[in-house]
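Heads up: the structure comes next, in structure tokens.
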Amino acid sequence: MIERISNSQLYHLILANVRELIREPGVLFWGIIFPILMSLGLGVAFTKKKDVITNIAVIGQNHLVQNPGDSATLLHSFFVATRARAGRDHQGNLTRTLLVPDDKLGSTTFIFHAMVWKEAMVMLKRGNLNIVLDEKNGMVQYHLDPMNPDAQLSYLKLSGMLNRSAPVVPEANAEIKPLTVSGTRYIDFLVPGLIAMGVMMSCMWGVSYAIIERRSKKLLRRMVATPMKRSNFLIALITVRVLMNFVEAGLLFLFAWLAFNITIQGNVAALFTLFIAGNFAFAGLAIFISAHTAKTEVGNGLINALSMPMMVLSGVFFSYHNFPEWSIPVIQKFPLTMMADGIRSIMIEGAGFAETALPIAILGTTGLVFFVAGMKIFRWH
Amino acid sequence: MSNQPIVEVRNVHKSFKAVQAVRGIDLRIEPGEYVAILGPNGAGKTTLVEMIEGIQQPDTGEIFIEGKTWKGNEKYLRHLIGLSLQETHFIDKLSVWETLRLFASFFEIGKERCEEVLGLIELDEKRKAWMVNLSGGQRQRLALGIALLNKPKLLLLDEPTTGLDPNARREIWGILLKLKEQSNTSLILTTHYMEEAEQLCDSIVIIDHGKILKQGTITGLLGEIQDLPVKPVETRKITLDDLFISLTGRHLND
Ligand SMILES: Nc1ncnc2c1ncn2[C@@H]1O[C@H](COP(=O)(O)OP(=O)(O)OP(=O)(O)O)[C@@H](O)[C@H]1O
Ligand SMILES: [Mg+2]
């Protein structure tokens with residue numbers, strides 16, 4: 001029995017694919033390390049609202065000097081009243097630093113830099129600051145881009161403080177209840193997207209490209225000139241990829257669980273089924289696009305033409321609801337969207353089979369249709 | 001049964017769009033016979049051999065192997081023949097041994113035969129080396145080894161020594177000559193090298209533009225040279241190259 005298995009085609013084909021996979025350092029990086037780094041980078045950047053530092057330009061030195069003499073300005077008295085710390089920045093400009101502690105919305109450190117208008121404009125263009133203060137005729141003027149939400153926020157915070165001459169936090173703060181339930185953070189949105197994207201990329205490159213490359217190297221032709229069963233060849237290729245996808249998704253989830261404490265709120269069996277259906281859909285697509293061409297360049301183009309739009313539109317990184325209204329029903333029908341949304345609904349919203357039966361069925365059918373169509377036009381030579 | 005040829009090709013044609021690659025070839029190969037198919041680039045050698053291998057289908061004409069056509073006998077015939085294609089790259093990051101085992105598994109052949117073949121092609125010390133790290137000669141020997149795994153009755157090798165240095169070429173010849181001594185395998189081999197045909201084969205088929213120009217035994221063909229319209233330079237030994245040039249107006253290795 002063992003002898004039979006160890007001599008069997010399927011066993012050796014699977015073994016060959018596993019070996020090829022684990023001997024390719026790029027696979028380890030792009031399949032496992034890259035998604036983890038991505039979730040780490042984006043997760044940290046967007047999830048933990050760190051204490052912010054807001055830089056503000058103040059036109060004219062006289063507002064910031066220690067002793068303005070008789071020409072005390074509104075801004076100067078504000079700095080005095082709030083006991084803003086005096087100092088100098090890297091450019092040698094006078095600065096005043098004011099810390100506004102806020103344990104709910106995050107503390108803000110305001111650093112006011114004294115500078116001339118021209119310098120302020122340069123800093124503004126570089127994105128180093130987003131608001132410029134000026135004082136004319138006993139009135140503080142705020143120069144900011146009204147389209148920039150960060151600038152608006154700075155304006156609201158600053159004007160509140162300047163009107164009271166105190167480092168205040170918004171009064172309504174008492175009413176703020178920070179939402180720390182998991183499932184509402186960016187990382188919770190991102191990880192399901194990354195899992196779905198990983199499956200797509202892995203099938204596109206690991207199945208499609210592998211087939212095209214083997215065809216172009218005439219290895220496919222050599223193999224079918226033996227009693228090898230053609231189905232075994234494809235089964236081995238797809239099986240190894242799907243197993244690899246499980247490992248990749250598992251490791252990414254494990255990491256996100258350890259680092260960000262993300263959880264699966266819904267039905268694990270439904271998640272499993274959806275994952276398999278997604279793999280099936282992309283494997284079918286992969287077989288279809290690799291069915292005919294023997295040119296790796298064409299394969300490259302096909303893979304990119306298929307995966308790039310989905311990566312951008314399917315809401316892996318950001319919600320597709322930012323796209324125009326009319327495009328959303330179209331986007332929602334992409335396999336990547338369906339898989340990512342499905343995983344999200346299970347992991348975040350606690351969905352089960354009832355909510356995901358439709359995407360599972362559609363993904364499964366997609367895979368089947370493309371697989372059958374692909375086999376119809378498949379070129380073994 | 002005893003005088004049934006191992007291969008019989010009857011009036012086979014094959015075109016690719018505008019190109020007529022094979023234009024009416026007849027061929028008969030006896031069990032145990034070694035046949036060289038000689039011809040310049042684009043003569044139609046690969047197309048002819050791949051039709052015999054059942055990889056390509058002729059447009060018209062028939063091909064029989066042991067009296068059987070490919071249609072309906074694919075499973076049987078795949079076990080009967082061994083082959084190497086003109087260019088095959090095996091999986092880069094598999095070792096010699098793993099590649100042999102993989103192909104052996106297609107024939108449901110076990111370890112022992114793989115060991116045997118490894119010895120035959122003298123790649124024992126390279127068994128753990130990955131494909132990417134093999135020399136051209138070693139790769140060709142492995143390709144030959146894979147073709148021999150199932151102890152084929154009919155072996156088809158498409159330019160097994162092209163691009164190899166004289167030593168590496170001779171190593172391949174050695175393996176094939178040993179096989180001829182020890183078995184009744186028939187060989188069809190395509191080549192650009194007249195010397196290879198002379199060294200290995202019982203008969204020679206010269207083709208160009210998809211047609212057979214001449215075929216026969218070496219001595220028979222050499223005899224014909226005497227009647228050539230173009231006389232070879234006298235100071236040189238008369239060879240089959242001269243026959244070839246006079247037939248095609250071209251050198252073999254062009
Ligand atoms: N798949 C194909 N599509 C189009 N044309 C082809 C194809 N295969 C072969 N040909 C053409 O058929 C002719 C014969 O090609 P073939 O490969 O059989 O020649 P060959 O004798 O093996 O040449 P070489 O010595 O270069 O290997 C050539 O003109 C070639 O361009
Ligand atoms: Mg050829």
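To find a chain, count down the sequence lines: A is the first, B the second, and so on, and within it residues start at 1.
Contact of B:Glu50 with chain A is made through the side chain alone, with heavy-atom distances under 4.5 Å. Proximity to chain B (any heavy atom under 4.5 Å) is shown, for A:Leu13, by both the backbone and the side chain. Heavy atoms closer than 4.5 Å to chain A are found nowhere in B:Asn150, neither backbone nor side chain. Of the atoms belonging to B:Ile109, it is backbone heavy atoms, and not side-chain ones, that fall under 4.5 Å from chain A.
Few gaps surround NE2 on B:His13; more than 12 heavy atoms of other groups in view lie less than 6.0 Å from it. Within a 6.0 Å radius of NZ in B:Lys153, other residues, nucleotides and ligands contribute 12 heavy atoms or fewer. The environment of B:Lys68 atom NZ is dense: over 12 non-hydrogen atoms of other residues, nucleotides or ligands sit within 6.0 angstrom. Within a 6.0 Å radius of CH2 in A:Trp257, other residues, nucleotides and ligands contribute 12 heavy atoms or fewer. Crowding of A:Phe29 atom CZ: a count of heavy atoms from other residues, nucleotides or ligands under 6.0 Å exceeding 12. Within 6.0 Å of NZ in B:Lys211 there are 12 or fewer heavy atoms belonging to other residues, nucleotides or ligands. The neighbour count for B:Glu74 CD, taken as heavy atoms of other residues, nucleotides or ligands under 6.0 Å away, is above 12.
Between B:Gln56 and A:His381, every side-chain heavy-atom pair lies at or beyond the 4.5 Å cut-off. Residues B:Leu102 and A:Met223 have side chains in contact (heavy-atom distance under 4.5 Å, counting atoms from C-beta outward).
Annotation: residues 193-219 of chain A contacts chain B through A:Arg214, A:Lys217, A:Lys218, A:Leu219 [non-hydrogen atoms, separation under 4.5 Å].
The closest donor-acceptor contact from the side chain of A:Arg222 to the backbone of B:Phe90 lies at 3.5 Å or more, if one exists at all. Of the possible polar contacts, one joining the A:Arg23 side chain to the B:Lys93 backbone as a donor-acceptor pair under 3.5 Å is found.
When all heavy atoms of B:Ser105 and A:Ser8 are compared, the pair lying nearest together is CB-O, 3.8 Å. Here the shortest heavy-atom pairing between A:Pro227 and B:Phe107 reads CD-CE2, 3.2 Å.
With rounding to the nearest 0.5 Å, the separation of CG in A:Leu15 from CZ in B:Arg101 is 9.5 Å. Atom-to-atom distance recorded for A:Asn17:CG and B:Ile91:CD1 is 6.5 Å, nearest 0.5 angstrom.
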